[in-house]
Structure formats: structure tokens, C-alpha cells
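Working notes, structure below.
Residue indices begin at 1 and follow the sequence shown. None of these values were measured; they are calculated from a predicted model. In each ligand, atom 1 is the first atom listed, and ligand 1 is the first ligand listed.
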Amino acid sequence: MNDLPTDPDTDDGALLSVRGVDVGYRTGRRAHVTAVHDVSFDLHPGQSMALVGESGCGKTTLGLGLLRLLPRTGVIPKGEILFRRKDGTRVDVRTLHKERLRRFRWSEAAMVFQGAMNAFNPVLRVEDHFVDTFRAHEGGGRRPRREILEESAELLEMVRLDPARVLNAFPHELSGGMRQRSLIALALALRPRLLILDEPTTALDLLTQRSIVERLAELRERLRFSMVFITHDLGLAAALADRVGTMYAGRLIETGTTRDIFHRSRHPYTSALIDSVPPVVGDLRVPESLPGGPPSLHALPPGCSFAPRCAHALPACDLTRPELDVLVPRDEGLAHAAACLRSTDAELHAEGASR
Ligand SMILES: Nc1ncnc2c1ncn2[C@@H]1O[C@H](COP(=O)(O)OP(=O)(O)OP(=O)(O)O)[C@@H](O)[C@H]1O
Ligand SMILES: [Mg+2]
């Protein structure tokens, strides 16, 4: 059915292999606007990947697309989202049908949404959210409520919350940080192997942000799930990620280990993002050193989408869109790759190379 034979092109050890995925939103009966273009990457078990980039570059759209959680108008017109399930079989999430998709979510992969602090139903106590989640994914018989609450308490303890207090509370009785940690515990309830977090710490104060980051790092160590987290915050990316993917105008334009990205970035946009942020945790503003804004999805330039803002653009950049070329091959999806005609230009990267 949806179980796939081994394909020589896919990375067998990967938990998630994304291949040439487009994601868009319908604008009419047959028309759609493409918000994510031709994204490919591999994520291995236990890895964490940060997706960074300016507002509107398609981070949330990609995250939602990977789990097929897009709004009704969302479409995934092309590509493959191959996921290795707990039983070892591989599925293409893009083609999963309703019931299989429902089972896939939460138990194989879960997401904490952007602005998730309001994701709790305000009239239900936190414990009811846990009970509903466990029950919705049970096979046959109903598990006793007491047993579910014991397991929920364990999960809450993992995010360092007091279960006695939190389970019994209504969402509004908790602080923003407590709610966010409760949501992370809830997302992990069915022990997914992939957790996607969209801006997990935005709108929280710095100390709370730090505590969430520490909890996530501990949890990942303990439960060994893979993580994609979407953030504006490069400090957070540096603290939590094994690797980073930069997005611009719907495309993945650079990917590499956290070290590659922060110390020897090969795309001028990534470099501008890094230069625009002080090296401590802080919200990313549109970089001051970068004039203009990203192009409209409806009018992407024919060449490199970043060329109109790029201080290093050559005439050829306006004509040809560069591929995401591998600069340093590495296994386990950790290659350093950049989509820039000048990615190997010694003159441009002389300073970076010596860093
Ligand atoms: N429901 C929707 N219908 C139509 N277009 C949408 C919808 N949601 C997002 N878009 C468009 O898709 C593009 C990507 O948006 P997306 O929310 O994925 O960006 P983002 O990188 O997550 O931004 P932010 O950092 O602000 O959260 C934007 O141009 C946005 O206007
Ligand atoms: Mg977003």
C-alpha cells in the first residue's frame, strides 16, 4: 500500500527524507501560489535541524506541509516526504490517506505550532487534553484514566513542571512558559520520533526561553527524537541545532552543520542574517545591513531570488537560479550546501574561510 520499496536515491538511515517538495496555497479553482519551492533534505534519527529565515520565507508552510497539517487551501503539488516509521517501514506522508495520516501524527511525528500557547482549549483542564490525546490514538480498549494520568505526570516532570498542579489547572491558570512546556509534553505523549516546533520560544521572556531550550535539549537526549525547529532566533538555533537550513523566498538556500553555518557560511543571505544579530539570544529584526525586502511570491525574479538585495551579485545572478550545490559532502544529511553562484568564490569567502 503505502509502504515503499527501497530506492537507491534515498538515504536509508534517514528518519525523514524530503525530496523536491513544493507547498502552496490555492488561490482559485485551479490556481495556487507556491510558498515553498523544491525543498530536499534528510534528517537522521536524533538530529535536530533549525530552519531560519525572514518572516514570510515559508518556514511554517514547510513545517505544516511535512505533517500535512496545512489549512484547507494548502496543497503539496509535488515531491516526496519519506518517513521511516517505528516498525521500520517507510511511507510517503504526502500520499497517506486519512486514517493512516491520523495514526502517523502524534505517534510518529508531532508538531508544536507557532503561537501555540493558545492551542489549549480554554474550557478543558490540562489533564483532559492528555486524556483526549491518549484516547484518540488508542487501538481497542480504553485505558484507565488513572494510568493515563500517571504517564502524563511523568511527561510533565520531564519538562520540570509539577504535575499535581498543572494537570488540574485550566490553561489560563498557567504562565506562558508553563503552557508552552505543557504543550511540548503533550506533543511527546505518544513518543513521536520527530517533533516539529514552530517558534517554540517566541513571546516568552529570556529566562523562560532559556529554560525551554534546556528542557528540549534534555528531552532529546533522553527520548532521542529528531527535531525540526523553526525560529527567527539564531541564538536558539546555535544552542539547539546540530544543523541549520536557511530559507529565502520559499527555497532552502543553504544547509550545513551549525558550525558550517555560523563560521563559514557560503550564502550572502545567511551571512547577512548572522551579521544582523548580536551573538546572544534575541529576536531577529530584518537585517539593517540588508536593503529591501524579500520578493513577492507572485513575482519571483528569474535568477537568484536574493540577487536584487545582494551586495555581491554578478550579472549572471539575475539570469540563472543557482542550485543547492554540495560544497562539503558528509554523510547523514550533514553536507554543507549552498545555492549561490559565488559559493566557491575564494575572493568572496577569503575572510570566512580563515575564521
Ligand atoms: N493560509 C495561507 N494562504 C495563503 N498564503 C499563505 C497562507 N499562509 C501563509 N501564506 C503565505 O506563504 C508565505 C510563507 O508564509 P509562512 O507563514 O510559511 O512564512 P514563515 O517563514 O513561517 O514566516 P514567519 O516567520 O512570519 O512565521 C507567505 O508569503 C505567506 O503570505
Ligand atoms: Mg511562521
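The shortest N/O to N/O separation between V33 and ligand 1 does not fall below 3.5 Å. Backbone and side-chain nitrogen or oxygen atoms of A35 are examined, and none is located within less than 3.5 angstrom of a nitrogen or oxygen of ligand 1. Residue P71 places no N or O, backbone or side chain, under 3.5 Å from any N or O of ligand 1.
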One pair to check against salt bridge (Lys or Arg N to Asp or Glu O under 4.0 Å): R222 and E154. What are the steps and the verdict? CA-CA 13 Å; R222 188 157 162 188; E154 239 174 72; 5.7 Å; no

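Counted by atom type alone, Y269 and E54 present one or more donor-acceptor pairs between their side chains at under 3.5 Å.
L297 CD1, 3.2 Å is the protein heavy atom nearest to atom 29 (O) of ligand 1. For atom 28 (C) of ligand 1, the nearest non-hydrogen atom of the protein is G56 O, 3.7 Å. Protein heavy atom at the shortest distance from atom 11 (C) of ligand 1 is Y25 CE1, 4.1 Å. Protein heavy atom at the shortest distance from atom 27 (O) of ligand 1 is Q114 NE2, 2.9 Å.
Taking a cutoff of 4.0 Å between a charged side-chain nitrogen and a carboxylate oxygen, D345 and R342 qualify as a salt bridge. Using a 4.0 Å cut-off between charged side-chain N and carboxylate O, E173 and R165 make no salt bridge. Classification of R220 and D242 as a salt-bridged pair holds, one side-chain N sitting under 4.0 Å from a carboxylate O. Between D260 and R243 there is no salt bridge, since none of the side-chain N atoms of the basic residue sits less than 4.0 Å from a carboxylate O of the acidic one. At a threshold of 4.0 Å, the pair R210-E214 does not count as salt-bridged, since none of the basic side-chain nitrogens sits closer than that to a carboxylate oxygen.
Within the 4.0 Å heavy-atom cutoff, C57 counts among the residues contacting ligand 1.
Protein N/O/S atoms found under 2.8 Å from the Mg ion (ligand 2): T60 OG1, Q114 OE1.
Atoms of ligand 1 found under 4.0 Å from any heavy atom of H232 (numbered from 1 in listed order, with element): 25 (O).
A cation-pi arrangement, defined by a distance under 6.0 Å to the six-membered ring centre and an angle within 45 degrees of its axis, is absent between R179 and F120.
Taking each of T34, T27, T60 in turn, the one with a heavy atom nearest to atom 17 (O) of ligand 1 proves to be T60. Taking only non-hydrogen atoms, the option from A249, S55, P294, G24 nearest to atom 26 (O) of ligand 1 is S55.
Distance check, rounded to the nearest 0.5 Å: CG of L43 to CG of L194 gives 6.5 Å. With rounding to the nearest 0.5 Å, the separation of CZ in R266 from NE2 in H336 is 6.5 Å.
Under the 4.5 Å side-chain heavy-atom criterion for Ile, Leu, Val, Met, Phe, Trp and Tyr, V33 and L70 are members of the same hydrophobic cluster.
Within 6.0 Å of CG in D87 there are more than 12 heavy atoms belonging to other residues, nucleotides or ligands.
Protein heavy atoms are absent from the space less than 4.0 angstrom from atom 31 (O) of ligand 1. For atom 14 (C) of ligand 1, the nearest protein heavy atom is under 4.0 Å away.
Contact annotation for T61 and ligand 1: heavy atoms of both the backbone and the side chain come within less than 4.0 Å of the ligand. No part of M247 comes within 4.0 Å of ligand 1, judged by heavy-atom distances.
Partners of F104 under the ring pair (Phe, Tyr, Trp, His ring centres under 6.0 Å) rule, at least two apart in sequence or in another chain, are F83.
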